[in-house]
Amino acid sequence: MLDIKFLRTNADEVKNGLRKRRSKLDLEQFLVIDQKRRDLLLETEDLKARRNQSSGEISRMKKTGENADSLLAELATMSTRIKALDEELKNIDQQTSDWIMSIPNVPHPSVPDGVDETDNLEVRTWGVKPEMTFSPKEHWELGTALGGLDFETAAKITGSRFVILKGWAAKMERALISFMLDVQTMENGYDEVMPPVIVNRESLMGTGQLPKFEEDLFHLENTNYYLIPTAEVPVTNIYRDTTLTEVQLPIAHCAYTACFRSEAGSYGKDTKGMIRQHQFDKVELVRFVHPDSSYDELEKLLGHAESILRKLGLPYRVVTLCAGDLGFSSAKTYDIEVWLPGQGKYREISSCSNFEDFQARRAAIRFKPAAGKKSQLVHTLNGSGLAVGRTMVAILENYQQEDGSVVVPEVLRPYMNGLDRIELKKG
RNA sequence: GGAGAGGUGGCCGAGCUAGGCCGAAGGCGCUCGCCUGCUAAGCGAGUAUAGGGGCUUAAACCUCUAUCGAGGGUUCAAAUCCCUCCCUCUCCGCCA
């Protein structure tokens, strides 16, 4: 959510931002509503001030035994009028907040112009794509053949876009989670939390998934509860309605959770394999920082996510999302895309964003400056560190051998009882 | 699931069954000043948030409105009365 005063005084900047995003929102419409709202507010508050004053008058008259009947009658009609105005105001307030909640964040000046993912800007590449003398297989083929991935049984017990991990795959999932959390807590300074994977509506409003993207979420029937689409939601909301002190910043949390997405509108996309599941594991990194340093913090966060891929020896590239591809709440996002030899392309494995004060304003996350000045909004950032399932996909495809076996990356072996190679058991 | 207690300012804690200068006593904490060789103590003042309007380059400031878990209702007027919901705590039951 943007600052309403900022909207009024910097309307042109916001309009430019919306245009850059290819958004169809017409800010003028909002400005008209806003003006109407303020006029109404003025009238209502003025009337209330008079009522409050006269009410005090009545109190005094009753004490002295004077007759207050005429004043009482006058106030009765005034109160009716106020009630009507309040009703009107409530209406227009709703309109205003609907508007504000639906305006996306303004892209940072460094965000490249563009329409969709084809306009994203490559920042750097890392690693060497493995050379294969054979035609590389896709992960679902490898994983299924090696007995680790079972999509069919998952489809039976639940439905499409679910998987059962078996044996080495289940173990590798667990190993990856532990490995990622260990790196982030022991090397990169994150405090680990394990939050609820069910959250209420208010939390989803705070981070910006609601009210606009209800259809992407799993909603528990007849409740105020939703399954989280990312740990960003519960972790960011830890500090909802909280005023921190400046010395506490930056706060850095990492969290492993399962994530749940309805994937509405993605029919036909990645229908095979583990790339796009309704339920998947992710280690998330969340940072609460001073506004002055949030873009340095974004680079830091990105580095923390990259460090996992480097340790695993998985080649990747970093891209800056263009304005048209930018998420609703984000001012700037880097995607990390890992190389998948089986698919022959880079696929997103992490998304690192600076939301500036967009989420902080919605969620009321502030800090009190050391100088004792007025509290101000923090900047929030988050990124995957990393998507666990997709990491397994990348390992399978990058470390596959001609005979269909898969070498286990060295850093992962201690987490898998020293297992160094996944191969089909004979017999 | 059953029975009960409770949610008030940074914290503690009055007020709530006689509804009326209550945004809210008192205390603690904090800030600024005074005082004191230093410290402690003492004295004085201040100390919520959001929104609107005024003033301003801006801030400060002034003023109004709202906020005593949330949302409704009664009333000229609600922290105080009524309804619904949420949360916390205690006891019992159940349970990984």
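Just so we're on the same page: letters track the sequence lines, and every chain starts at 1.
Going from atom CG of A/Asp34 over to atom P of B/G51 covers 12 Å, rounded to whole Å. Taking atom CD of A/Gln94 as the reference point, atom P of B/G71 lies 13 Å away to the nearest angstrom. Straight-line distance from the CD atom of A/Glu57 to the P atom of B/C76: 18 Å, rounded to whole Å. A/Lys62 has its NZ atom 14 Å from the C1' atom of B/A18, to the nearest Å. Here the P atom of nucleotide B/G69 and the CG atom of A/Asp241 are 15 Å apart, to the nearest Å. The CG-P distance, from A/Asp86 to B/G71, rounds to 13 Å in whole Å. Taking atom CG on A/Leu42 and atom P on B/G52, their separation rounds to 11 Å, with Å as the unit. Taking atom CZ of A/Arg201 as the reference point, atom P of B/G71 lies 16 Å away to the nearest angstrom.
One finds a side-chain N or O of A/Arg8 lying less than 4.0 angstrom from the OP1 or OP2 phosphate oxygen of B/G52. Between B/U75 and A/Ser79, no contact under 4.0 Å exists linking OP1 or OP2 to a side-chain N or O. Using a 4.0 Å cut-off, some side-chain N or O of A/Lys83 falls inside it from OP1 or OP2 of B/U74. Considering only side-chain N and O atoms, A/Lys368 lies nowhere under 4.0 angstrom from the phosphate OP1 or OP2 of B/C30. Using a 4.0 Å cut-off, no side-chain N or O of A/Arg60 falls inside it from OP1 or OP2 of B/G20. Listed pair A/Asn52 / B/U65 meets the phosphate criterion, a side-chain N or O lying under 4.0 Å from OP1 or OP2.
Of the nucleotides present, none pairs with B/C55 by Watson-Crick or G-U wobble criteria with both distances under 3.5 Å. Judged by Watson-Crick or G-U wobble contacts below 3.5 Å, the nucleotide B/A50 has B/U65 as its partner. Pairing partner, B/A45: B/U31, with both Watson-Crick or wobble hydrogen-bond distances short of 3.5 Å. Pair assignment for B/A70 gives B/U84, based on Watson-Crick or G-U wobble hydrogen-bonding distances that are each under 3.5 Å. Pair assignment for B/C22 gives none, since no Watson-Crick or G-U wobble pairing has each distance under 3.5 Å. With both pairing distances under 3.5 Å, B/A60 is matched to nothing as a Watson-Crick or G-U wobble pair. Base pairing annotation: B/U90 forms a Watson-Crick or G-U wobble pair with B/A3, both donor-acceptor distances under 3.5 Å. Across every strand in view, B/G37 sits unpaired, with no contact that passes the Watson-Crick or G-U test at under 3.5 angstrom.
Between the base of B/G53 and the side chain of A/Glu45 there is no donor-acceptor pair shorter than 3.5 Å.
Taking the six-membered ring for Trp and the full ring otherwise, the centers of A/Phe358 and A/His379 sit at least 6.0 Å from each other. Ring centroid separation for the pair A/Phe367 and A/His290 comes in under the 6.0 Å cut-off. Aromatic rings of A/Tyr239 and A/His253 (six-membered ring for Trp) have centroids within the 6.0 Å cut-off, being under it. Between A/His219 and A/Tyr225, the ring center distance fails the sub-6.0 Å criterion.
With both ends at atom C1', the span from B/A66 to B/C22 equals 15 Å, rounded to whole Å. Spacing of P atoms, B/U56 relative to B/A45, comes out at 34 Å, to the nearest Å. With both ends at atom C1', the span from B/C68 to B/G13 equals 13 Å, rounded to whole Å. Look at the C1' atom in both B/A79 and B/G69: the space between them is 12 Å, to the nearest Å. Comparing the C1' positions of B/U39 and B/A60 gives an interatomic distance of 36 Å, to the nearest angstrom. To the nearest whole angstrom, the two P atoms, one in B/A48 and one in B/G26, are 15 Å apart. For B/G46 and B/A25, the P atoms lie 13 Å apart once the distance is rounded to whole Å. One P atom belongs to B/G10, the other to B/U49, and the distance between them is 8 Å to the nearest Å.
None of A/Arg347, A/Arg161, A/Arg390 except one satisfies the salt bridge (Lys or Arg N to Asp or Glu O under 4.0 Å) rule with A/Asp270; the exception is A/Arg347.
Residue order along RNA chain B, read from the 5' end via each residue's closest nucleotide, puts A/Leu41 first among A/Gln53 and A/Leu41. Mapping A/Leu71 and A/Lys5 onto RNA chain B by nearest heavy atom places A/Lys5 closer to the 5' end of the strand.
A donor-acceptor pair under 3.5 Å links the side-chain atoms of A/Asn105 to the main chain of A/Ser329, judged by distance alone. With hydrogens and angles disregarded, no donor-acceptor distance shorter than 3.5 Å links the side chain of A/His304 to the backbone of A/Ile308.
Of the candidates B/C87, B/G20, B/G53, B/C87 carries the atom nearest the A/Tyr225 side chain, counting heavy atoms from C-beta on. Distance from the side chain of A/Ser55 is smallest to B/C76 among B/G72, B/G51, B/C76. For A/Ile58, whose side chain is taken as the heavy atoms from C-beta onward, the closest listed nucleotide among B/A66, B/C76, B/C87 is B/C76. Across B/G53, B/A50, B/C76, the shortest atom-to-atom separation from the side chain of A/Leu72 is found for B/C76. Comparing atom distances between the A/Lys90 side chain and each of B/C64, B/G72, B/C76 picks out B/G72 as nearest.
Syn is the classification of B/A18, since its glycosidic angle stays within 90° of 0.
Counting heavy atoms of neighbouring residues, nucleotides and ligands inside a 6.0 Å radius, atom NZ of A/Lys156 does not exceed 12 of them.
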